[in-house]
Amino acid sequence: MTSLTLAPGQPFSLDRTLGCGQVFRWDREKDGWWYGIVGDRAMRIRQDGSRLTFEGAPARFIRHYFSLDMDLPPVLEAIDRDQFIHAALTTSRGLRLIRQSPWECLVSYICSTNSNIPHIRKRIGAIAGMFGREIVFKGRTFYTFPGPSAISCGGTDNLAACRLGYRQPYVAATSCMMTNVQRWVETSATLPYEDARKALMTFPGIGPKAADCVLLFAFQQYEAFPVDVWIRRIMQQQYLPSLNCDASLSNREYDTIRRFARNHFGKYCGYAQEYLYAARER
DNA sequence: GACCAGGAAGAGT
DNA sequence: ACTCTTCATGGT
């Protein structure tokens, strides 16, 4: 068991960070411990005030994964451009964007389309359970997220058992494509936002929204502003009243929204998106 | 641009 | 029990 103390003036809320829907493989137990699996290590972590206690990962991993090394106040100050975002920043104070594993994040957001969060979690869990490696930690069973070849070579029937619906061929094709890509993470990380976005959208099942999520959650491209049904509604109500949320979201309208956000909130608009999403009215 | 597939969990009635 | 919505994408 290891612990670390948060630096003064660096807000962090474990509950808000893990509970806001950016990541799908963590569970909070009633005693306050969060259990999750990241890469090939299962771990647990809890927060008591400014103290984080954890097992299964070294402090430097925790610091990096939860972006605790990022100086958050200047970011929040930069995006705090109006009363509405100000309220959202207050409500979800301490929310930080996680540095997710790119491959798992890519598949997760292929699986996320037109689904609610519990359902997305179920799909990711099914893929891991089917093709991943079992790890027992604290009497609980976890499964690592399988690599591209484990999925693409694992058999159509096994993938079908994961009940992905129309997303299944996208996951299969993207996995197959990825087995032929060299140094995907390193290459993508060097590209500027718009180029990285175009590159991601060449994978089947990755459209503008999923690409922006992967850029934001796995590549720390804070310019990305994923527009889903919630964000579109909020943007219509608060910033762009001329939007028509009854019609389906066109690429043109998506671009209108993300360019407005980039202009209005600045280069950390992705952080603004996550706070707006976390504060959405359910 | 409009429409549709593929599908299941959650929320509301 | 039934309907509507859900962190959309790709093809026609």
Side-chain angles (χ1 to χ4, degrees), chain A residues 16-27 88 92 95-98 100 102 104-127 129-130 156-157 159-178 197-219 221-222 224-238 242-258 261 269-282:
Chain A
R16 287 165 185 160
T17 297
L18 289 177
C20 72
Q22 62 177 317
V23 69
F24 302 107
R25 299 248 279 158
W26 285 90
D27 280 295
S92 298
L95 169 60
R96 283 175 186 254
L97 291 176
I98 287 174
Q100 294 189 32
E104 179 175 337
C105 189
L106 187 70
V107 176
S108 295
Y109 281 91
I110 292 174
C111 293
S112 78
T113 63
N114 198 27
S115 308
N116 53 38
I117 290 170
H119 199 176
I120 300 165
R121 296 172 59 94
K122 198 160 196 172
R123 291 193 189 116
I124 312 300
I127 293 172
M130 184 63 73
T156 308
D157 292 346
L159 196 56
C162 298
R163 318 289 305 195
L164 307 181
Y166 66 88
R167 303 153 196 85
Q168 183 189 326
Y170 301 149
V171 170
T174 291
S175 298
C176 188
M177 271 176 72
M178 193 59 82
R197 191 171 189 266
K198 287 192 187 101
L200 279 176
M201 286 170 62
T202 63
F203 291 105
I206 297 290
K209 193 271 173 180
D212 279 332
C213 286
V214 173
L215 289 169
L216 187 57
F217 301 139
F219 289 100
Q221 287 276 10
Y222 300 118
F225 191 86
V227 180
D228 56 63
V229 291
W230 297 103
I231 290 298
R232 182 194 193 188
R233 210 170 293 153
I234 291 166
M235 295 303 285
Q236 191 275 326
Q237 288 166 357
Q238 301 298 329
S242 62
L243 295 179
N244 173 17
C245 289
D246 293 330
S248 62
L249 180 63
S250 63
N251 277 337
R252 171 175 291 205
E253 197 182 39
Y254 191 112
D255 286 344
T256 300
I257 296 171
R258 74 184 175 103
C269 58
Y271 249 97
Q273 192 272 4
E274 208 50 25
Y275 274 86
L276 291 174
Y277 185 78
R280 71 195 183 280
E281 305 240 339
R282 303 224 52 165

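We name chains A, B, ... by the order of the sequence lines, and we start the count at 1 in each one.
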- Message: Does Phe203(A) reach a base, just sugar-phosphate, or nothing at all? Heavy atoms under 4.0 Å.
- Response: sugar-phosphate
- Nearest atoms (heavy-atom pairs only) where Pro226(A) meets Gln273(A): O-NE2, 2.9 Å
- Which dot-bracket string fits DNA chain B when only Watson-Crick or G-U wobble pairs with both atom distances under 3.5 Å count, crossing pairs get [ ], and | stands for a partner on a different strand? .||||..||||||
- Note on the structure: Arg233(A) has its side chain closest, among dT9(C), dT6(C), dG7(B), to dT6(C)
- Which part of the nucleic acid, if any, lies within reach of Ile110(A) when heavy atoms closer than 4.0 Å are counted: base, sugar-phosphate only, or nothing? nothing
- With a 4.0 Å cut-off on heavy atoms, is Gln22(A) in touch with a base, just the backbone sugar-phosphate, or nothing at all? base
- Sugar-phosphate, base or nothing in reach of Ala210(A), heavy atoms under 4.0 Å: sugar-phosphate
- What is the nucleic acid contact for Arg252(A), judged by heavy atoms within less than 4.0 Å: base, sugar-phosphate only, or nothing? nothing
- Query: Rounded to the nearest Å, what distance is computed from the CG atom of residue Asp212(A) to the C1' atom of nucleotide dT9(C)?
  - Reply: 14 Å
- Note on the structure: Residue set satisfying side chain to side chain donor-acceptor pair (under 3.5 Å) with Arg96(A), at least two apart, ordered chain then number -> Gln10(A)
- Message: Pairing donors with acceptors under 3.5 angstrom, does anything connect the side chains of Ser115(A) and Arg123(A)?
- Response: yes
- Task: Rounded off to whole Å, could you give me the CD-to-C1' distance for the Glu253(A) and dA8(C) pair?
- Result: 14 Å
- Tyr109(A) ring center within less than 6.0 Å of Phe24(A) ring center: yes
- Please name all residues satisfying side chain to side chain donor-acceptor pair (under 3.5 Å) with Gln221(A), sequence neighbours left out, ordered by chain then number. none
- Geometric cation-pi criterion Arg167(A) and Tyr170(A), 6.0 Å radius, 45° cone: no
- Query: Regarding Tyr254(A) and Asp212(A), is there a side-chain donor-to-acceptor distance under 3.5 Å anywhere?
  - Reply: yes
- Query: Over how many whole Å does the gap from Arg123(A) atom CZ to dT9(C) atom C1' extend?
  - Reply: 13 Å
- Message: Base, sugar-phosphate or nothing for Pro118(A)? Non-hydrogen atoms, less than 4.0 Å.
- Response: sugar-phosphate
- Message: In whole Å, I'd like the distance from the NE2 atom of His119(A) to the P atom of dA11(B).
- Response: 14 Å
- Message: Side chain of Asn116(A) only, heavy atoms from C-beta on: which candidate in dT6(C), dA8(C), dG10(C) is closest?
- Response: dT6(C)
- Lys122(A) side chain near dA9(B) phosphate (N/O to OP1/OP2, under 4.0 Å): yes
